[in-house]
J.: 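This is the structure, below, for whatever I ask next.
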Amino acid sequence: MTKGRLEAFSDGVIAIIITIMVLELKVPHGEDLGALRPLMPVFVSYVLSFVFIGIYWNNHHHLLQAVERVNGNILWANLHLLFWLSQVPFATGWMGENHFAPLPEALYGFVLLMAAIAYYILVRAILAHHGHESRVAKALGSDFKGKISVVFYLFALPLAFVSRWAAGGIYVLVAVMWLIPDRRIERRLASG
């Protein structure tokens, strides 16, 4: 089975997720900068979520560039990832509307955690189908950032009830960590 439909469907779902998130940004009533102040938590949560969705889209794109074919397990694992990514707009809106209150911020972290686990499951399904000596397996390597991200999310979840700033800082740290370019797959594809 070719990967083209999987890529096209995933790109479409991710585009819809971003569209839903931006539609949650409401136009303020008022014409001065003060009218924007109440919207800052919503905007900050949107920016953070946009970055996370962008990171997933980018990594998903690179991952599928190294994949030669897909099977049913990969399709289901990909749907599992898209399910959790589709929860980001709700978690983003709830967290922003409630000014990063503990429960909404913990739910946001839970959605990020589940998306990270779903991505890991997708990678495992791809490796099971292609083999651990395949081009994609060699390109992925040990995936330290993926594993440490899960640990950070697990730490941030209960921390949201103690210090919302610290939990939010961990979410930002994970995003910054992933914004640093990861050239493993690109290097492997370039070298053949």
Side-chain angles (χ1 to χ4, degrees), residues 1-26 39 41-65 67 70-127 129 143 145-147 149-154 156-157 160 164 167-168 170-179 182 185:
M1 187 181 313
T2 64
K3 61 184 178 178
R5 287 190 69 203
L6 175 72
E7 289 175 301
F9 179 74
S10 300
D11 286 349
V13 170
I14 290 171
I16 291 168
I17 290 167
I18 290 173
T19 302
I20 291 168
M21 285 190 327
V22 78
L23 290 175
E24 289 295 316
L25 296 175
K26 304 299 181 206
L39 299 176
V42 174
F43 182 72
V44 168
S45 64
Y46 167 78
V47 169
L48 183 61
S49 293
F50 186 91
V51 168
F52 273 115
I53 296 296
I55 288 166
Y56 274 103
W57 176 79
N58 194 346
N59 287 323
H60 188 269
H61 168 75
H62 283 101
L63 177 64
L64 290 181
Q65 291 306 303
V67 169
V70 297
N71 64 7
N73 290 339
I74 294 170
L75 294 176
W76 282 109
N78 192 69
L79 278 174
H80 180 234
L81 171 63
L82 293 175
F83 171 79
W84 287 108
L85 292 179
S86 74
Q87 300 307 304
V88 170
F90 172 78
T92 300
W94 196 33
M95 183 174 70
E97 287 292 328
N98 291 288
H99 299 232
F100 296 80
L103 184 57
E105 190 169 352
L107 176 75
Y108 184 79
F110 177 75
V111 170
L112 294 178
L113 170 66
M114 295 308 295
I117 290 170
Y119 190 84
Y120 177 81
I121 291 170
L122 174 60
V123 167
R124 294 291 141 221
I126 288 169
L127 292 177
H129 186 58
D143 191 28
K145 286 198 300 189
K147 292 172 185 167
S149 296
V150 169
V151 171
F152 283 156
Y153 292 142
L154 286 170
L157 281 173
R164 64 185 181 167
I170 290 173
Y171 302 149
V172 170
L173 173 67
V174 172
V176 168
M177 182 177 70
W178 280 100
L179 283 174
D182 186 350
I185 294 176

J.: So, N98 side chain and W94 main chain: donor-acceptor pair closer than 3.5 Å or not?
T.: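 Yes, the answer is positive, given that a donor and an acceptor are paired below the 3.5 Å cut-off.
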J.: So N59 and Y119, do their side chains get closer than 4.5 Å, heavy atoms only?
T.: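 They are in contact (side-chain heavy atoms under 4.5 Å apart), so the answer is yes.
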J.: Grab the two heavy atoms, one from A175 and one from I55, that are nearest each other, plus how far apart they are.
T.: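 What the structure gives for the nearest pair is O-CD1, 3.6 Å.
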J.: Report the relative orientation of the aromatic rings in Y153 and Y171; use parallel for angles under 30°, tilted for 30 to 60°, perpendicular for over 60°.
T.: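 Ring orientation of Y153 relative to Y171: tilted.
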J.: Determine whether D143 and V123 make a side-chain contact, defined as any pair of heavy atoms from C-beta on separated by less than 4.5 Å.
T.: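 A side-chain contact under 4.5 Å is absent here.
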J.: Measure the acute angle between the ring planes of Y46 and F50, then classify it against the limits of 30° and 60° as parallel, tilted or perpendicular.
T.: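 Aromatic pair Y46/F50 classed tilted.
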J.: Between atom OG1 of T92 and atom CD1 of I20, what is the distance when rounded to the nearest 0.5 Å?
T.: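 The distance works out to 11.0 Å.
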J.: Enter the distance from I117:CD1 to S149:OG here, rounded to the nearest 0.5 Å.
T.: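 Answer for the CD1-OG pair, I117 versus S149, is 11.5 Å.
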J.: For A167 versus A156, what's the shortest heavy-atom pair and its separation?
T.: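 What the structure gives for the nearest pair is CB-O, 3.6 Å.
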J.: Just checking R124: does its CZ atom have more than 12 heavy atoms from other residues, nucleotides or ligands closer to it than 6.0 angstrom?
T.: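 Yes, enclosed.
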J.: Looking only at heavy atoms, which two atoms of K3 and L64 are closest? And how far apart?
T.: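 Nearest pair, atom of K3 first, then L64: NZ-O, 2.6 Å.
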J.: Does the E105 side chain pair with the main chain of M95, one donor and one acceptor, at a distance under 3.5 Å?
T.: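 Such a contact is absent between E105 side chain and M95 backbone.
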J.: Between H80 and W76, do the side chains contain an N or O donor and an N or O acceptor separated by less than 3.5 Å?
T.: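 No, because no side-chain N or O of H80 sits under 3.5 Å from a partner of the opposite role on W76.
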J.: Would you check if L63 and I126 make a side-chain contact, meaning some heavy-atom pair closer than 4.5 Å?
T.: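 Sidechains of I126 and L63: in contact.
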J.: Could you tell me whether the side chain of L82 reaches within less than 4.5 Å of the side chain of F9, counting heavy atoms only?
T.: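 Touching, per the 4.5 Å side-chain cut-off.
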J.: Looking at every heavy atom in both S45 and G96, which two are closest together, and how far apart are they?
T.: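 Heavy-atom minimum between the residues: OG-CA, 3.5 Å.
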J.: Does any N or O in the side chain of N58 come within less than 3.5 Å of the main-chain N or O of G54, such that one atom is a donor and the other an acceptor?
T.: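 No; judged by distance alone, with no hydrogens or angles, the pair does not exist.
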J.: What is the minimum heavy-atom distance between A106 and L157, and which atoms define it?
T.: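 Minimum heavy-atom contact is O-CD2, 2.9 Å.
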J.: Give the intermediate values and the outcome of side-chain contact (heavy atoms from CB on, under 4.5 Å) for residues L107 and F90.
T.: CA-CA 10 Å; L107 176 75; F90 172 78; 3.7 Å; yes
J.: Compare all side-chain heavy atoms of E7 with those of Q65 and state whether any distance is below 4.5 angstrom.
T.: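 Yes - at least one pair of side-chain heavy atoms lies under 4.5 Å apart.
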J.: Does L113 form a side-chain contact (heavy atoms from CB on, under 4.5 Å) with V150? I'd like the steps, not just the answer.
T.: CA-CA 6 Å; L113 170 66; V150 169; 3.8 Å; yes
J.: Are S49 and Y108 close enough that a side-chain donor and a side-chain acceptor fall under 3.5 Å?
T.: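 The criterion, which ignores hydrogens and geometry beyond distance, is satisfied for Y108 and S49.
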J.: Counting only heavy atoms not in F43, do more than 12 fall under 6.0 Å of its CZ?
T.: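 It does not: F43 CZ has 12 such atoms or fewer within range.
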J.: To the nearest 0.5 Å, what is the distance between CD on Q87 and CE on M114?
T.: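 Taking CD in Q87 and CE in M114, the distance rounds to 10.5 Å.
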J.: Between N71 and N73 (side chain of the first, backbone of the second, donor and acceptor by atom type, cut-off under 3.5 Å), is there such a pair?
T.: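 Yes; judged by distance alone, with no hydrogens or angles, the pair exists.
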J.: Any donor-acceptor pair under 3.5 Å linking the side chain of Y56 with the backbone of A116?
T.: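 It does hold such a pair.
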J.: To the nearest 0.5 Å, how far apart are CG in L85 and CD1 in I16?
T.: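 L85 atom CG to I16 atom CD1 measures 13.0 Å (nearest 0.5 Å).
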J.: In Å and rounded to the nearest 0.5 Å, what is the CZ to CG distance from F52 to L179?
T.: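 Atom-to-atom, F52:CZ and L179:CG are 9.0 Å apart.
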J.: Tell me the closest heavy-atom pair linking R164 and A101, and the distance in Å.
T.: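 Looking at all heavy atoms of both residues, the shortest contact is NH1-N, 4.4 Å.
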J.: Test side-chain contact (heavy atoms from CB on, under 4.5 Å) on M21 and V88; report intermediate values, then the result.
T.: CA-CA 8 Å; M21 285 190 327; V88 170; 3.9 Å; yes
J.: How long is the span from the CD1 atom in I74 to the CD1 atom in I121, to the nearest 0.5 Å?
T.: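 That separation rounds to 13.5 Å.
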J.: Indicate whether any N or O donor in one side chain lies under 3.5 Å from an N or O acceptor in the other, for N78 and H60.
T.: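 Result is yes, a qualifying pair exists.
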J.: A side-chain contact here means heavy atoms from C-beta on lying under 4.5 Å apart; do I14 and I53 qualify?
T.: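 Heavy-atom side-chain distance check passes, below 4.5 Å.
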